[in-house]
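Since the structure comes first, as structure tokens, the remarks are kept for the end.
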There are 2 protein chains.
Amino acid sequence: MPRFKIPEITVERLSIYLRAIKKFHHEEILSSQRLAELVGTSDGQVRKDLAYFGEFGVPGQGYKVGKLKGEISHILGLDREQRIALVGVGKLGSALLAYPGFKSEEFKIKAAFDNDPSKVGRTWQGVTIQDVKKIPQVISREKIDLGIITTPVPAAQQVANKLIEGGVKGILNFAPTRIVVPDHVKLRNVDLAIQLEGLSYFLTQVGP
Amino acid sequence: MPRFKIPEITVERLSIYLRAIKKFHHEEILSSQRLAELVGTSDGQVRKDLAYFGEFGVPGQGYKVGKLKGEISHILGLDREQRIALVGVGKLGSALLAYPGFKSEEFKIKAAFDNDPSKVGRTWQGVTIQDVKKIPQVISREKIDLGIITTPVPAAQQVANKLIEGGVKGILNFAPTRIVVPDHVKLRNVDLAIQLEGLSYFLTQVGP
DNA sequence: CAATGTGAAAACTTTCACAGCC
DNA sequence: GGCTGTGAAAGTTTTCACATTG
């Protein structure tokens, strides 16, 4: 549907728009201006972002919430189940297993793995923790296409390799280290400490 | 030191460079090319990023690890203690309290708050959990300048207001909602679900 | 002579403003 | 009259290439 290359930031904003409009009723109509205020951007930006993918609005009126929800969900692939595996059921891993956004209708964590024998076999948030050795086999049997890495740094690359061997197409990496993946796999790093460091920089700008 | 406005992404990359060079010895010398390979960017990018802040390299040689560490740490404000408060000691909150990057030499979580009476008074990771009512008072007494919000969505704005009342200068918000802050406070949102949705979009691009 | 620092060019993103539609 | 969709302009970031330096 997209004419050519879509900026990654546009996709990110679509997620944000979707979150914002979910609070409204299907029948309601929002203008780009109203939507922009809700999420903190400009009306032109909203229109440009949406226009990459089609014509969803009605001139003179605005965007109908129901239609927009459907379109954005479809663009983001949220209208079909996304099957996920999480590796590393430590503190952060178990928090994410319970995190509302990670166990929604669209996202289903189908498998969890750890290398700690005392955790293997236990069930947490409805998911049974399995041995990391089984990663490739389970990923491919369960047709899982997204992997989340919440292991310590030293294990991250190995785990990524196993996920890829099993056939995941995307990896969300929380281990603060660079991991290398082949071109056909999409990697996204979330480094929580870097977020803090960015704020820290800001403080050096404003005062003592 | 910076001549004018520095792109936020440059600051983020500085954090990444710093993480990468920490693995090397003080005396070692790295070229921009080597550093670029380590973090997955281009040599020109590395030089541009650093050149915003000064001349840290030696032409014909490269960058000395020790010097670079010092300079980047200083730029990011990591050469002095950053005092932090965390609000919302749920699953994600307790994971972050234990997260290595959040309890480093530079970052000290000095206070934690929750509104659940059964949690108040308990100690976790060396920090005693206090009642959210005390936020403004503790923030200002302890001279805390960064706040982390890991509460559920409905509480986020209220908590932010209390943090600001106490005098924080920056807020790291993990609640998936838009919160509004005055101009002099720096807000950074980390929405974990959006990261997943970005990957999900990618899958729609490469095939079913 | 190897690698930095840096203008200038290219690529990309956001803003603007307005024709066209409801 | 109000609001979308969209080219064109402005602004920003990245890449390029080279003069300069140890």
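Letters A, B, ... mirror the listed sequences (proteins, then strands); counts begin at 1.
With dT4(D), dT13(C), dT4(C) as the choices, the nucleotide that has an atom nearest any side-chain atom of P59(B) turns out to be dT4(C). Nearest to the side-chain atoms of A51(A) among the listed nucleotides dA17(D), dT13(D), dT6(D) stands dT6(D). The side chain of K5(A) lies closest to dC12(C) when the candidates are dC12(C), dC18(C), dT14(C).
Residues D49(A) and Q61(A) each lie close to DNA chain C; by heavy-atom proximity, the contact nearer the 5' end of the strand is made by D49(A).
Two residues are said to be in side-chain contact when any heavy atoms from C-beta on lie closer than 4.5 Å; I148(B) and Q195(A) fail this criterion. Two residues are said to be in side-chain contact when any heavy atoms from C-beta on lie closer than 4.5 Å; F113(B) and V138(B) meet this criterion. Side-chain contact check for I21(B) versus Y63(B): every heavy-atom pair is 4.5 Å or farther apart.
T10(B) and D49(B) are linked by a side-chain donor-acceptor pair at a separation below 3.5 angstrom, with hydrogens and angles left out of the test.
Within the nucleic acid shown, G60(B) comes within 4.0 Å of at least one base atom, counting heavy atoms only.
To the nearest angstrom, P of dG5(D) lies 14 Å from CZ of F53(A). If you measure from atom CG of L50(A) to atom P of dG5(D), you get 7 Å, rounded to the nearest angstrom. Residue F56(B) contributes atom CZ, which lies 17 Å from atom C1' of dA3(C) at whole-angstrom precision. Between E55(A) atom CD and dG5(D) atom P the separation is 6 Å, expressed in whole Å. Rounded to an integer number of Å, the gap from OH of Y52(A) to C1' of dG7(D) is 13 Å. The interatomic distance linking I6(B) (CD1) with dT14(D) (C1') rounds to 15 Å, in whole Å. Between the P atom of dT4(C) and the OH atom of Y17(B) lies a distance of 12 Å, rounded to the nearest Å. As rounded to whole Å, 16 Å separates atom P of dT4(D) from atom CD of E71(A).
The base of dG7(D) sits with one of its N or O atoms less than 3.5 Å from a complementary donor or acceptor on the side chain of K48(A).
In this pair, F53(B) and Y201(A) present their aromatic rings perpendicular. The plane angle is above 60°, beyond the 30 to 60° band.
Proximity of residues 19-45 of chain B to DNA chain C (heavy atom under 4.0 angstrom from any strand atom) is restricted to S31(B), S32(B).
By the salt bridge (Lys or Arg N to Asp or Glu O under 4.0 Å) test, E27(B) is found to be paired with K64(B), residues two or more places apart in sequence or in another chain being considered.
Residue pairs meeting the salt bridge (Lys or Arg N to Asp or Glu O under 4.0 Å) criterion with at least one partner in residues 170-189 of chain B, sequence neighbours excluded, are E8(B)-K186(B), E8(B)-R188(B).
In this model, the phosphate group of dG5(D) is approached by a side-chain N or O of Y63(A) to a distance below 4.0 Å at OP1 or OP2. Within the 4.0 Å cut-off from OP1 or OP2 of dT14(C), at least one side-chain nitrogen or oxygen of R13(A) is found.
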